[in-house]
Amino acid sequence: MSETVVAAVRTAPRTTELREFPMPEIPDDGALLKVEVAGICGTDVKMYAKPAIDAPVIMGHENVGVIARAGRRFAERQGVQEGDRVFVEHYVACFNCEWCRLGEYRHCEATDWRTNPDARRYGYTSSDNPYHLWGGFAQYMYLPWNAVTHKVPDNVSDDEAGIVTPLSNGIEWALFDCGVGFMSTVLIQGPGQQGLSQVVACKQSGAALVIVTGTTRDAARLELAKRLGADHVIDVQQDDALGRVMEITAGKGVDVVLDCTAGAGTSPVLLGIDALKRRAGTLLVQGELAAFPDFPLKKLTEKAITIKSARGHSYRAVELALAQLASKRFPLELLTTHTFGLQNVDRAIRAVGGEVEEDVVHVSLLPWKE
Ligand SMILES: [Zn+2]
Ligand SMILES: [Zn+2]
């Protein structure tokens with residue numbers, strides 16, 4: 001094994017530098033992951049443009065790799081061996097708080113950079129910290145005793161494993177948070193990797209009707225939504241979206257609306273409120289907007305709508321996403337459209353942001369790709 005590890009480090013907003021770090025000495029309760037795939041999502045686009053911290057950061061928070069070295073206690077505690085392929089959650093849990101005990105590491109204070117400046121989260125934590133390798137845009141990543149790992153089934157390719165995160169979010173938000181299930185009717189706004197993953201989660205859970213919206217630019221993604229099981233797609237720039245939803249549902253509206261758009265302002269939430277059924281629908285929101293002028297609170301309460309927040313995934317959602325991928329029921333490999341090597345991290349993030357490349361759905365960083 002080489003003496004150094006190459007990593008792509010974010011050194012300033014929209015600036016990446018390749019740097020070499022010493023190969024870490026692995027303690028008895030730690031491990032080293034050889035990174036095979038680091039998925040990239042809309043959060044990377046935001047964090048690249050407006051970093052949460054000024055310190056240098058190895059980004060990459062959706063990481064899959066092979067255990068290259070494992071200390072004895074790490075192997076025992078985690079039930080893994082050198083050579084095992086694992087998905088590593090980006091939350092580095094404390095395993096002590098009520099949330100960690102529930103497998104809800106996303107809510108653990110030790111992982112939350114918003115309220116805890118010393119939080120540990122892959123892709124967000126400063127590379128000045130001991131062991132340095134705290135992100136997936138690198139040849140190797142350091143795993144402490146409290147990394148959260150999931151074994152990846154053998155029949156799931158590295159590329160497919162790269163979409164575990166959006167699929168986990170799909171299961172968490174649609175099924176666990178919004179209660180999508182047998183015969184549900186659902187409107188999914190935005191046909192990116194997250195919206196398309198919701199299509200799969202909803203169809204698998206027994207939804208009777210899945211409608212997906214997008215823009216004219218999303219034509220290829222809307223086609224993909226149909227191949228994954230969407231019953232109807234709507235181009236919101238060509239069609240009257242609300243009129244179409246009401247026509248499709250015979251005037252009833254839908255049970256659940258999932259907002260998976262990015263940069264669309266207030267319109268998805270406003271459409272969502274109108275497209276929900278007369279009473280007691282559920283709306284999943286992203287919270288991109290710090291403020292919402294003229295929010296129709298009266299309409300929301302009159303319709304008795306429940307709002308849920310899109311907020312990562314639990315341990316169980318990841319396990320179910322891996323099982324879904326292993327089942328091969330849906331052609332999820334169609335989502336994995338673009339891959340880049342370590343020297344092209346900047347371009348890879350800009351591809352997700354829609355600045356470069358065509359027909360991007362999901363982008364993976366493959367650190368060992370030339
Ligand atoms: Zn992500
Ligand atoms: Zn905790």
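In each ligand, atom 1 is the first atom listed, and ligand 1 is the first ligand listed. Computed from a prediction, not measured in an experiment: that's the story for all the values here.
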**Q** Between the side chains of Asp218 and Thr215, does any donor sit under 3.5 Å from an acceptor?
**A** yes

**Q** State whether a side-chain donor-acceptor pair under 3.5 Å links Thr336 with Glu333.
**A** no

**Q** Parallel, tilted or perpendicular: which describes the rings of Trp113 and Tyr124, with under 30° parallel and over 60° perpendicular?
**A** parallel

**Q** Can you check the number of protein N/O/S atoms within less than 2.8 Å of the Zn ion (ligand 1)?
**A** 3

**Q** Any side-chain donor-acceptor pair under 3.5 Å between Asp112 and Tyr91?
**A** no

**Q** Please report the number of protein N, O or S atoms that lie less than 2.8 Å from the Zn ion (ligand 2).
**A** 4

**Q** Indicate whether any N or O donor in one side chain lies under 3.5 Å from an N or O acceptor in the other, for Asp255 and Thr185.
**A** yes

**Q** Regarding Glu104 and Ser314, is there a side-chain donor-to-acceptor distance under 3.5 Å anywhere?
**A** no

**Q** List the steps, then state whether salt bridge (Lys or Arg N to Asp or Glu O under 4.0 Å) holds for Asp274 with Lys299.
**A** CA-CA 9 Å; Asp274 285 336; Lys299 194 186 275 182; 2.7 Å; yes

**Q** Is there a donor-acceptor contact under 3.5 Å linking the side chains of Asp159 and Ser157?
**A** no

**Q** Using only heavy-atom distances, determine whether the side chains of Lys369 and Thr339 contain a donor-acceptor pair under 3.5 Å.
**A** yes

